[in-house]
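I have placed the structure first, in the form of structure tokens, so that the comments after it can refer back to it.
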There are 4 protein chains.
Amino acid sequence: MALRYDFASDNVAGAMPEVIEALAAANAGFAGGYGADHVSRRAAELIRAELDADAEVRFVASGTAANALSLAALAAPHEAVICHEHAHIATDETGAPGFFGAGLGLVQLPGQSGRIDPAALARTLAEPEVSYHQSPAALSLTNTTEYGALYSEAAAAALLDAAKAVGLKTHLDGARLSNAVAGGFPLKRLAAMGLDVAVMGGTKAGSTPSEAIVLFDTPLARRFDARMKHAGQLVSKARYLAAPWIGMLESGAWARRAAHANAMARKLAARMPYPIAHPVESNGVFVAMDEPTLQRLRGLGWQVYRFIDGSVRFMCSWATTDEAVEAVSEALAQIR
Amino acid sequence: MALRYDFASDNVAGAMPEVIEALAAANAGFAGGYGADHVSRRAAELIRAELDADAEVRFVASGTAANALSLAALAAPHEAVICHEHAHIATDETGAPGFFGAGLGLVQLPGQSGRIDPAALARTLAEPEVSYHQSPAALSLTNTTEYGALYSEAAAAALLDAAKAVGLKTHLDGARLSNAVAGGFPLKRLAAMGLDVAVMGGTKAGSTPSEAIVLFDTPLARRFDARMKHAGQLVSKARYLAAPWIGMLESGAWARRAAHANAMARKLAARMPYPIAHPVESNGVFVAMDEPTLQRLRGLGWQVYRFIDGSVRFMCSWATTDEAVEAVSEALAQIR
Amino acid sequence: MALRYDFASDNVAGAMPEVIEALAAANAGFAGGYGADHVSRRAAELIRAELDADAEVRFVASGTAANALSLAALAAPHEAVICHEHAHIATDETGAPGFFGAGLGLVQLPGQSGRIDPAALARTLAEPEVSYHQSPAALSLTNTTEYGALYSEAAAAALLDAAKAVGLKTHLDGARLSNAVAGGFPLKRLAAMGLDVAVMGGTKAGSTPSEAIVLFDTPLARRFDARMKHAGQLVSKARYLAAPWIGMLESGAWARRAAHANAMARKLAARMPYPIAHPVESNGVFVAMDEPTLQRLRGLGWQVYRFIDGSVRFMCSWATTDEAVEAVSEALAQIR
Amino acid sequence: MALRYDFASDNVAGAMPEVIEALAAANAGFAGGYGADHVSRRAAELIRAELDADAEVRFVASGTAANALSLAALAAPHEAVICHEHAHIATDETGAPGFFGAGLGLVQLPGQSGRIDPAALARTLAEPEVSYHQSPAALSLTNTTEYGALYSEAAAAALLDAAKAVGLKTHLDGARLSNAVAGGFPLKRLAAMGLDVAVMGGTKAGSTPSEAIVLFDTPLARRFDARMKHAGQLVSKARYLAAPWIGMLESGAWARRAAHANAMARKLAARMPYPIAHPVESNGVFVAMDEPTLQRLRGLGWQVYRFIDGSVRFMCSWATTDEAVEAVSEALAQIR
């Protein structure tokens with residue numbers, strides 16, 4: 001029996017054809033190293049245009065690195081970053097923020113479907129500072145969240161405003177920002193929301209490994225290349241991290257293919273015979289499923305995983321096919 | 001006037017066609033994340049075969065990261081790594097070993113053309129340990145060296161043996177290992193020389209960003225994926241860091257194209273009208289050239305750089321053409 | 001109205017007379033630096049005798065440093081230390097383990113009165129290792145706990161044995177080890193319990209700032225002085241961190257005065273008109289008290305604090321007097 | 001034969017009587033923890049008065065920690081601190097700046113007798129920034145230097161001004177600041193010289209372990225206690241690190257006893273039968289002495305050490321007696 005990974009994650013898919021073509025196109029000739037090349041410049045321009053913002057842009061190969069490097073630029077080692085208790089930076093990055101940030105702390109807040117509860121944030125921001133705690137220096141949001149939920153512009157802005165009002169810096173983990181955009185989040189409003197740094201996800205959107213670090217707070221760009229090099233994140237042939245963005249943005253495929261992924265998730269949700277655990281607002285479907293049922297599904301070859309909250313996660317991507325949704329739906333019906 | 005970067009570095013070249021083809025081939029279908037995929041497994045097998053060694057292999061996007069991550073696994077923060085005073089890890093990596101190693105120190109030794117002087121190593125190894133110094137825990141060699149010189153098997157083994165005799169771990173920065181191999185270094189003897197970790201360079205050999213970390217000391221592989229993730233070095237779509245190696249090794253292009261680069265350097269050296277500063281044993285030609293002359297060369301469009309020792313460096317790569325060697329030779333003759 | 005700090009903490013007391021006398025005695029003459037002095041040697045001998053163990057001993061000025069330095073020697077940056085969710089290292093040390101350990105993680109377990117729940121530990125130890133989590137490398141216990149509870153020898157041994165059975169290292173935060181000993185914990189059994197490192201608390205026992213790091217696992221002592229120096233923990237005039245231990249141990253005051261502190265807590269508990277929240281097994285009394293009542297108590301000048309679990313903490317020390325217990329008891333009765 | 005350590009270092013002496021008395025005086029009663037106590041406040045006031053500056057003051061037990069903690073507050077991990085190549089932070093602190101600063105680099109400059117050569121500084125400050133180097137963010141001076149030489153106000157100001165002119169922060173390692181003051185350095189001019197942070201040495205001046213971190217740049221004090229706690233440098237019974245300063249400053253002994261140490265060095269220099277290697281401007285005498293002679297001196301019981309530059313160092317302290325100077329002078333004459 002062939003194992004099927006279609007819904008295991010959105011990083012099990014390959015790269016979209018626009019990316020492979022852009023890589024081949026970028027391959028011609030000689031180019032300066034460490035980001036000083038025409039491909040990196042063009043990709044950064046495209047991102048600025050997409051965001052309608054005068055930001056500095058850098059590319060790294062890992063989303064974990066993109067987040068951790070950003071957070072280390074926003075908070076000192078004896079300070080903390082506020083995030084959701086199930087945020088990727090808190091639960092799935094092997095403590096990378098603490099490594100990049102020399103012991104940087106995380107203050108983890110609750111909230112439904114991965115969205116930080118505003119009241120919990122308010123309470124945290126009101127806490128008195130004491131020398132034996134790592135006081136918050138930054139707020140990190142994830143959009144869409146780890147549970148596929150979407151922050152609306154208003155919901156995100158309310159949290160960011162509360163943080164900025166007391167002097168915190170702000171960070172967006174946009175590993176699935178394309179899915180948020182496809183879900184209705186207004187990309188060109190990011191800068192206006194007062195973000196200092198956003199990570200704009202390429203990998204899960206359908207790129208070869210590449211994440212864009214967008215420094216809205218442009219003074220942060222001072223010596224940022226050295227910061228990247230120091231942290232092993234400045235590759236010499238930088239054009240290969242930038243090229244995918246040319247492929248994804250010039251063609252519009254970054255957002256368009258995320259819309260496909262979201263549509264596949266809606267289609268799957270519509271056929272899902274198990275209780276849906278979180279609002280299906282992007283490319284994931286989380287369902288309540290007991291262990292024997294999950295094992296039966298795996299027994300049919302479908303590789304999916306139980307998530308932190310106990311639900312079973314089905315992720316769609318640019319590469320998810322109608323056929324796959326139908327096939328897994330059939331399997332799901334069969335194992336009931 | 002068009003600027004020509006042909007000799008600026010060996011990382012200004014694009015990727016060889018075998019690599020682009022392998023990337024495209026690896027792109028098909030779904031694959032597990034974080035290195036648990038068929039492409040990563042195949043690439044690792046090819047490397048083990050190439051080295052004739054039962055080693056664990058991991059892939060990262062940056063040579064700096066490959067080195068620093070390795071060194072942090074070999075020495076504690078309060079210890080030091082011995083290297084040449086002009087080693088890339090000491091002079092060109094923005095302190096990355098200190099970052100990955102939480103303040104890890106470097107003991108920098110002299111030696112001609114980037115090769116560590118055995119007597120200097122002996123003196124260092126004989127120094128008494130004191131609590132106010134970072135005592136050495138590892139030795140790092142670079143082959144070929146930053147000056148294009150080659151360690152013979154005997155020369156490298158003598159240094160490694162001296163270090164291992166007093167309990168040090170050993171590391172090879174093989175960013176240009178393909179050039180060393182093309183220059184006569186016996187790749188299959190690496191394991192027998194007692195190396196703990198070697199970084200096998202892909203990028204400068206003609207890959208898209210990829211370096212192989214080869215753990216000859218396989219117990220080091222325990223939790224190494226977590227170490228990589230923690231340090232922002234474990235990419236989810238790992239197949240794109242592994243695929244280039246399939247392209248380079250199955251075809252033999254990794255070594256064959258390095259032989260071309262070395263040949264281009266010899267050709268350039270033969271025509272060089274300036275005093276050659278270091279033995280031309282691989283793909284670089286270093287020459288004594290005063291500043292006005294260098295400026296005249298740059299005035300003709302040729303981008304080359306003055307190196308740490310004051311000489312001017314001309315680097316050849318897999319992509320260097322006979323035409324380019326002739327053109328730059330002509331320019332060099334013209335500016336005398 | 002004079003503010004009274006008698007019960008605010010056990011670190012608000014001064015140093016016992018035996019310590020001041022020992023400091024004065026150690027002051028005579030010249031002595032080698034960085035621990036190579038007769039005072040440091042004598043203090044280490046006394047500790048070994050007290051523990052009946054062939055351990056290496058070092059002295060530092062801060063309990064946070066003693067713990068964090070020890071943990072960094074037991075777990076790698078990409079690994080974690082298991083501790084109670086209210087352990088001092090997790091809640092009150094400003095992330096110091098993450099700083100000393102370059103991003104070292106903590107896995108925080110529940111359990112009544114600060115004692116780790118054995119079932120929770122078993123579950124954690126049974127979890128599969130994945131690269132995106134920091135897997136445990138060590139277990140840290142605190143005795144007595146942050147809630148004044150005592151681990152019996154059997155209870156501590158059961159947890160340590162479970163951890164050691166799967167290869168973990170072990171650490172004891174003994175900031176209040178003297179109170180544990182006074183409560184019946186057999187000090188000479190520590191070594192037999194298989195601890196790798198114990199921090200033996202001086203400060204809260206009645207010393208000027210000094211904590212002893214006891215390396216039962218003596219190979220850990222290799223280059224430990226360099227580790228301390230690197231981390232800013234090796235003072236040159238080390239005799240002044242060692243001398244207090246001569247004063248406390250030669251006289252028996254370390255344990256005897258802890259017995260006094262414990263007795264004062266029992267006396268206070270006996271008179272406490274509020275519900276007692278945790279077993280009074282050492283020198284602290286934790287009580288359920290609403291906020292208006294606490295404010296009335298503070299209004300009478302008594303400085304005490306609400307602890308993490310919401311109870312109000314009264315700490316006794318070597319310096320707590322019968323008069324103070326009676327005075328605060330009277331105040332407590334008065335504010336009901 | 002009794003070994004004599006009188007001239008081995010200035011940290012082999014005990015504490016001056018004023019310090020021991022102040023410790024005993026500070027021992028009375030209860031006091032708040034972590035620096036919030038009357039003793040810490042009083043000591044900070046005395047230091048501000050001594051410096052005639054509105055600075056924030058903190059106390060730590062180790063000079064290495066005082067320096068490294070300060071430097072980590074002035075430079076980011078991917079940046080560097082400029083210092084003399086024989087500065088204590090570069091040669092004798094086991095890489096502590098790199099640990100506290102998460103891989104912070106040091107740019108080491110030459111200069112006679114430990115004073116940075118202004119031309120070398122100018123060259124360094126003029127270097128273009130590149131991503132593969134750690135560019136300087138701060139300048140660190142040591143006064144008196146590791147060779148007992150004194151920076152005059154003008155000499156120090158010239159270096160500091162050059163650094164500040166290009167945006168660098170500034171740090172003074174004042175482990176022997178009392179000797180500089182006794183040598184004529186105007187303490188009250190420090191603030192006007194534009195220093196951001198100075199470490200004011202207590203230990204070598206005759207204290208029990210205590211160094212004062214003086215934050216002239218008071219905004220640096222924000223969350224500095226948390227920074228200290230995070231780095232294991234905030235002791236709970238902080239009064240014992242502050243009290244020595246009350247003893248040394250209220251009595252004037254800090255400067256007066258340093259004048260004695262300097263006088264002892266001058267007396268020794270006057271009788272020294274070997275060539276003096278560095279200007280005797282404070283409490284050290286460095287002499288050219290071959291190895292057999294040094295061994296003969298040690299054979300007579302005198303413990304002195306060969307320093308980094310090859311000269312033999314004789315350090316005087318507050319505790320150096322006329323008798324000792326005479327005795328060692330006699331021994332020196334005898335072994336010729």
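Atoms considered below: every heavy atom in the structure, side chains included; atoms not considered: hydrogens, waters and symmetry mates. Residue numbers start from 1 in every chain, and the chains themselves are labelled A, B, ... in the order their sequence lines are given, proteins ahead of strands.
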**Winner by heavy-atom pair count (cut-off under 4.5 Å) against chain D, out of C/Gln233, C/Gln303, C/Lys229** = C/Lys229
**Asked** Which atoms form the tightest heavy-atom contact between C/Ala24 and D/Ile20, and what is the distance?
**Response** CB-CG2, 4.5 Å
**Asked** Pick from D/Ala319, D/Gly14, D/Ser62: which one has the most heavy-atom pairs with chain C under 4.5 Å?
**Response** D/Gly14
**Prompt:** Of the backbone (N, CA, C, O) and the side chain (C-beta and beyond), which part of C/Ala231 lies under 4.5 Å from a heavy atom of chain D, both, or neither?
**Reply:** both
**Request:** Tell me, out of C/Ala102, C/Pro17, C/Gly95, C/Ala13, who's got the most heavy-atom pairs with chain D below 4.5 Å.
**Result:** C/Ala13
**Message:** Between C/Phe99 and D/Phe99, does the ring-ring contact (aromatic ring centres under 6.0 Å, His included) criterion hold? Intermediate values first, please.
**Reply:** CA-CA 9 Å; C/Phe99 176 65; D/Phe99 176 65; 5.1 Å; yes
**Asked** Given a strict heavy-atom distance threshold of 4.5 Å, which part of D/Ala226 is in contact with chain C: side chain, backbone, both, or neither?
**Response** both
**Prompt:** Strictly under 6.0 Å, is that where the ring centroids of D/Phe30 and C/Phe7 end up?
**Reply:** no
**Item:** Selection from D/Asn27, D/Val19, D/Leu69, D/Asn67 maximising heavy-atom pairs under 4.5 Å formed with chain C
**Value:** D/Asn27
**Asked** What closest approach, in Å, do D/Ser236 and C/Asn11 show between heavy atoms, and which atom pair accounts for it?
**Response** CB-ND2, 3.4 Å
**Item:** Under 3.5 Å donor-acceptor, D/Lys237 side chain and C/Val12 backbone
**Value:** no
**Asked** Distance from C/Thr64 atom OG1 to D/Tyr34 atom OH, nearest 0.5 Å?
**Response** 6.0 Å
**Message:** Counting only non-hydrogen atoms closer than 4.5 Å, does C/Ala15 touch chain D with its backbone (N, CA, C, O), its side chain (CB onward), both, or neither?
**Reply:** both
**Message:** Taking side chain as everything from C-beta outward and backbone as N, CA, C, O, which of these in C/Asp92 sits under 4.5 Å from a heavy atom of chain D? Side chain, backbone, both or neither.
**Reply:** backbone
**Request:** For chain D, find which of C/Pro97, C/Ala65, C/Ala31 contributes the most heavy-atom pairs closer than 4.5 angstrom.
**Result:** C/Ala31
**Prompt:** To the nearest 0.5 Å, what is the distance between OG1 (C/Thr94) and CG (D/Leu234)?
**Reply:** 7.5 Å
**Asked** What heavy-atom pair brings D/Ala61 and C/Val235 nearest, and what distance separates the two atoms?
**Response** O-CG1, 3.3 Å
**Prompt:** Non-hydrogen atoms of chain D under 4.5 Å away: do they reach the side chain of C/Thr203, the backbone, both or neither?
**Reply:** both
**Region of C/Arg239 that comes under 4.5 Å of a non-hydrogen atom in chain D** = side chain
